S.K.: 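Have a look at this one before I ask anything.
Worth knowing before you read on, the calculation uses all heavy atoms, side chains too, and leaves out hydrogens, waters and symmetry mates. Just so we're clear, the structure is a prediction, and the values are computed from it rather than from any experiment.
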Amino acid sequence: MIPRRFLFYLGWALLLAAFAAGAAEALVRTDPSRGLSLVSAHDLWYRFWPGKLVVAEIKVERLSPALWSDVVRPLLEIPAWMLTGIPGALMTWFCRPVRQMTPDEEQDMREREESFFLYDALAEQAIADGHGHGDDMAPDHGFQQLLEEGGITVVDSEVDFEIDTLDMPPPPGGGDR
């Protein structure tokens with residue numbers, strides 16, 4: 001049985017290989033007229049190590065010609081970053097180490113969880129005490145009502161507030177502006 005920790009680190013190595021393959025794919029695309037296209041792992045391997053690809057093909061075909069044509073070659077048609085990235089992501093996700101929490105960590109987690117729900121509990125208590133009715137963001141017109149009761153009117157628009165500048169005395173210093 002292969003230890004999970006080994007598979008976890010192997011998954012990270014595959015993810016790093018996927019990022020490297022994605023970067024190498026940019027080097028292979030030399031024809032700008034092709035637009036956005038995926039480069040297969042076979043093309044990438046052939047571009048950087050053509051001799052190794054031919055040697056690998058010969059060795060696999062020596063074992064079984066059908067193995068190369070039916071299994072390996074179709075796998076190499078997948079983009080290299082996908083060929084290494086998907087297994088790497090699956091290995092890192094499913095084989096990640098599970099760490100048990102200490103009692104202090106569990107207590108800290110419970111306290112943080114309680115603090116998340118503190119606002120809800122306080123809001124429910126305020127409503128139960130009768131403080132939550134109405135819109136607390138609505139404008140308060142209490143001061144305006146106080147002024148109106150005292151006989152002072154509040155100007156609502158510029159039309160209500162006209163000043164006749166012809167009857168005003170000149171400003172101090174005496175000059176026209």
Side-chain angles (χ1 to χ4, degrees), residues 1-29 32 34-45 71 74-165 167-168 171-172 177:
M1 175 87 181
I2 299 174
R4 289 173 55 101
R5 186 168 293 281
F6 173 75
L7 292 175
F8 176 74
Y9 290 122
L10 178 63
W12 274 110
L14 288 173
L15 282 175
L16 288 174
F19 285 115
E25 190 173 295
L27 297 174
V28 172
R29 286 191 228 163
R34 289 177 63 185
L36 181 63
S37 62
L38 299 175
V39 177
S40 69
H42 181 271
D43 294 343
L44 193 65
W45 192 358
V71 178
L75 277 176
L76 290 177
E77 290 302 318
I78 299 172
W81 60 266
M82 195 182 300
L83 191 63
T84 57
I86 291 174
L90 291 173
M91 282 184 196
T92 55
W93 181 259
F94 290 114
C95 298
R96 66 184 183 273
V98 179
R99 189 175 63 90
Q100 297 296 323
M101 286 195 282
T102 64
D104 291 337
E105 290 172 332
E106 286 181 19
Q107 178 64 25
D108 184 48
M109 183 183 71
R110 274 191 231 102
E111 289 172 2
R112 288 176 191 249
E113 191 176 77
E114 287 173 8
S115 72
F116 284 137
F117 298 111
L118 177 62
Y119 177 79
D120 294 333
L122 291 175
E124 287 175 9
Q125 183 63 39
I127 290 171
D129 292 344
H131 298 289
H133 303 294
D135 185 6
D136 63 344
M137 297 301 288
D140 182 20
H141 299 290
F143 184 71
Q144 184 176 355
Q145 290 172 353
L146 180 67
L147 290 176
E148 288 174 356
E149 288 173 3
I152 302 171
T153 59
V154 179
V155 176
D156 288 335
S157 69
E158 291 180 14
V159 175
D160 295 339
F161 190 71
E162 292 182 13
I163 298 175
D164 188 11
T165 57
D167 294 336
M168 292 180 68
R177 292 187 187 188

S.K.: Out of Leu7, Leu10, Leu14, Leu15, which residue meets the side-chain contact (heavy atoms from CB on, under 4.5 Å) rule with Thr92?
M.R.: Leu15
S.K.: Look at atom CZ of Arg5 and say whether more than 12 heavy atoms of other residues, nucleotides or ligands are closer to it than 6.0 Å.
M.R.: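 At most 12 heavy atoms, drawn from other residues, nucleotides or ligands, come within 6.0 Å of this atom.
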S.K.: Compare every heavy atom of Phe8 with every heavy atom of Cys95, then report the nearest pair and how far apart it is.
M.R.: O-CB, 3.4 Å
S.K.: Could you tell me which residues satisfy salt bridge (Lys or Arg N to Asp or Glu O under 4.0 Å) with Glu124, sequence neighbours excluded, listed by chain and number?
M.R.: none
S.K.: What are the two closest non-hydrogen atoms of Phe94 and Arg4, and how far apart are they?
M.R.: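 The answer is O-NH2, 2.9 Å.
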S.K.: Rounded to the nearest 0.5 Å, what separates atom CE in Met109 from atom CD in Glu114?
M.R.: 11.0 Å
S.K.: What are the two closest heavy atoms between Gly11 and Met91, and how far apart are they?
M.R.: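 Closest approach of Gly11 to Met91: CA-CB, 3.7 Å.
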S.K.: Flag the pair Glu106 and Arg110 as a salt bridge only when some basic side-chain nitrogen lies within less than 4.0 angstrom of an acidic carboxylate oxygen.
M.R.: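 Arg110 and Glu106: salt-bridged.
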S.K.: What are the two closest heavy atoms between Glu25 and Pro79, and how far apart are they?
M.R.: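 Heavy atoms of Glu25 and Pro79 come nearest at OE1-CB, 4.3 Å.
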S.K.: Side chain of Thr84, backbone of Ala18: donor and acceptor closer than 3.5 Å?
M.R.: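 Checked: pair present.
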S.K.: For the CG atom of Leu122 and the CD atom of Gln125, what is their distance to the nearest 0.5 Å?
M.R.: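 Separation between the atoms: 8.0 Å.
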S.K.: For a quick test of reading the model, state the closest non-hydrogen atom pair linking Ala80 to Leu44 and the distance between them.
M.R.: CB-CD2, 3.6 Å
S.K.: Quick one: closest heavy-atom pair of Ala41 and Leu83, and the distance?
M.R.: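 That closest heavy-atom pairing would be CB-CD2, 4.1 Å.
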